[in-house]
Amino acid sequence: MKRLIHAFILFLTLSAPLHGQILDMEIQRGLRRIDIPFDYINGFIVVNLTFDGVFPLRFIFDTGAEHTILSKREITDLLKADYRRRFPIVGADLSKELYAYLVQGIELKVGNIIAKNRSILVLEEDYFRFEEYAGIDVQGILGSDFFRRFVLKINYSRHTISLYDPQYWAPPGQNYMKVPIEITRNKPYVKAKVQFHRDTSLQLRLLLDSGASLALLLHTDTHPGLELPERVIPSNLGAGLGGYIQGYMGRIDELGLGPFTFREVISQFQEVSLFVDTVYSSRRNGIIGNDILSRFTVIIDYIHEKAYFEPNKTYNDAFEYDRSGLFLAATGPSLNDYVVYGTIPGSPAATAGILPGDEVTSINCWPASFFSLEGLTRKFQKKPGTKVRLKVKRGNKRIKMVFYLRDLI
């Protein structure tokens, strides 16, 4: 399956944006466009920034997040930050009450942009645990409060984010296709066609979410016509605040995004409370994530509520998923030690006898530490019938395991 962290969902008990935000951006004089390089790791856009003029940090660039969030409270503790307000937030299971603090007056430097006097949220504890679930060393999320005043361009092929001054920006040429969007609470939503069967086609409101390492996530109880495909598997959809996000994974027949059509799309399905979805998610039916967005160069014009898409060389790539049924968490100082935290019932990994808590020490005779979590994911996405040889440590025992990848959906 598409592994681990998919969409970090932050539900604040707020009905309005954070107060006290001063839009004080310093941009190098004469520049009409700022280019920011990024690393694309395990389906996430990761940018470097300087936090309050002191700390070099790495944040996930997230069009689906309304606010900028710091997950490592020890950083603001060192700065002796004034924690002005404490907000309750809802965890991944939509029941646990967790907490975040409002911190004002923070300076963020990203590329040639210096944003002063920012209001950010600081998690009371590191509920996200990015390192463990995504296998990447990041300390927070850069939300739309930072870049909403610009025209945003994400070039996934060149690993570059461009921010344009709207007064000097002109719509792109004919290689781009224009798609209407709606901006709600600074987040871009699009109307898309989702087809489960030949006779079942729905128009759904989906969030364009660069903070989600998936293709498509659908909230099954937000529309009377939303139903699970005939063939699904129970799955941990990823990790969110305070726990795992439970749901299912399957394929839909077709996804229509403006003039573009994708078939046999790997999709995640989650049931959420209608109350939570109405209040916090702007009545959305789901999320379009990076496994779709990365097939384009994407431009979002927040002011005029338009998006532009230009397909790149990955546009026609097949939608792959993990055929092992194995869930791994990255641990250790270099995030290259791997512990099993679950398996899909009846999957090759489960049938081979792999258990939660097993430490994977080698794969196909290579030390597991040679691979990143993303590299292991690619190993388990190979074609059905591929032989996988694992060595695991279980307590004081070292056990050899063999299984063969196969289609699960």
Side-chain angles (χ1 to χ4, degrees), residues 5 7-26 47 49-55 57-110 113-130 138-149 183-187 207 209 211 239-243 245 272-273 275-284 302:
I5 172 74
F8 290 123
I9 303 174
L10 178 66
F11 296 118
L12 293 175
T13 55
L14 298 174
S15 58
L18 295 178
H19 296 293
Q21 185 71 71
I22 301 173
L23 292 178
D24 184 3
M25 297 272 193
E26 288 186 6
V47 298
L49 58 80
T50 303
F51 189 89
D52 218 41
V54 179
F55 295 101
L57 303 180
R58 286 157 63 81
F59 275 38
I60 288 174
F61 186 88
D62 192 351
T63 58
E66 184 177 355
H67 307 296
T68 293
I69 303 166
L70 177 70
S71 60
K72 306 292 186 182
R73 182 185 168 186
E74 57 266 30
I75 293 171
T76 44
D77 284 348
L78 286 171
L79 294 171
K80 300 186 184 303
D82 180 13
Y83 297 109
R84 303 297 296 274
R85 294 172 63 188
R86 185 175 186 246
F87 295 104
I89 55 181
V90 178
D93 64 357
L94 305 181
S95 63
K96 294 178 183 176
E97 191 169 81
L98 312 173
Y99 294 94
Y101 294 94
L102 170 65
V103 174
Q104 296 177 318
I106 295 296
E107 177 184 292
L108 300 175
K109 183 177 186 297
V110 184
I113 298 176
I114 299 177
K116 297 184 176 182
N117 299 315
R118 309 300 294 177
S119 295
I120 68 167
L121 292 171
V122 179
L123 299 183
E124 187 170 68
E125 298 178 27
D126 185 6
Y127 307 119
F128 283 145
R129 295 156 68 188
F130 289 109
V138 294
Q139 293 79 40
I141 290 173
L142 191 65
S144 59
D145 60 323
F146 183 87
F147 49 82
R148 67 191 180 197
R149 61 173 289 187
I183 302 297
T184 304
R185 296 176 68 101
N186 304 314
K187 294 183 287 188
L207 173 66
D209 190 353
L241 288 169
I245 302 171
V272 298
S273 161
F275 169 76
V276 170
D277 189 65
T278 299
V279 175
Y280 301 112
S281 304
S282 303
R283 295 185 180 274
R284 74 181 182 211
Y302 284 86

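Side chains are part of it too, since the values below use all heavy atoms of this structure and drop only hydrogens, waters and symmetry mates. All residue numbers refer to positions in the sequence shown, counting from 1.
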- Output the distance between atom OG1 (Thr63) and atom CG (Asp209), rounded to the nearest 0.5 Å. 5.0 Å
- Message: For a quick test of reading the model, state the closest non-hydrogen atom pair linking Ala81 to Val103 and the distance between them.
- Response: CB-CG1, 3.9 Å
- Message: If you define the side chain from C-beta out and look only at heavy atoms, does anything of Phe51 sit under 4.5 Å from Ile120?
- Response: yes
- Task: Please answer whether the main-chain N or O of Gln139 pairs with a side-chain N or O of Ser71 as donor and acceptor at a distance below 3.5 Å.
- Result: yes
- Note on the structure: In this structure, NZ of Lys116 is separated from CD1 of Ile106 (nearest 0.5 Å) by 13.5 Å
- Distance-minimising heavy-atom pair for Asp62 and Phe147: O-CZ, 3.7 Å
- Query: Atom CG in Leu49, atom CZ in Phe146: separation rounded to 0.5 Å?
  - Reply: 8.0 Å
- Query: In Å, rounded to the nearest 0.5 Å, how long is the span from CD1 of Ile141 to CD of Glu66?
  - Reply: 12.5 Å
- Query: Can you find a heavy atom in the side chain of Phe130 that is under 4.5 Å from one in the side chain of Ile60?
  - Reply: yes
- Task: Validate the cation-pi geometry between Arg73 and Tyr83: distance from NZ or CZ to the six-membered ring centre under 6.0 Å, angle to the ring axis within 45°.
- Result: yes
- Item | Side-chain donor/acceptor of Ser144 to backbone N/O of Ala65, under 3.5 Å | yes
- Note on the structure: NE2 of His67 to CG of Leu102, rounded to nearest 0.5 Å, is 9.5 Å
- With sequence neighbours excluded, what pairs up with Phe59 under the ring-ring contact (aromatic ring centres under 6.0 Å, His included) test? none
- Item | Donor-acceptor contact present, side-chain Asp52 to main-chain Glu107, <3.5 Å | yes
- Note on the structure: With sequence neighbours left out, the residues meeting side-chain hydrogen bond (donor to acceptor under 3.5 Å, both in side chains) with Glu124 are Arg86, Tyr101
- Which residues share a side-chain hydrogen bond (donor to acceptor under 3.5 Å, both in side chains) with Lys72, sequence neighbours left out: Asp126, Glu131
- Query: Would you find a donor on one side and an acceptor on the other, under 3.5 Å apart, between the side chain of Asp145 and the backbone of Thr68?
  - Reply: yes
- Message: Could you tell me if the side chain of Leu70 sits less than 4.5 Å from the side chain of Leu57, heavy atoms only?
- Response: yes
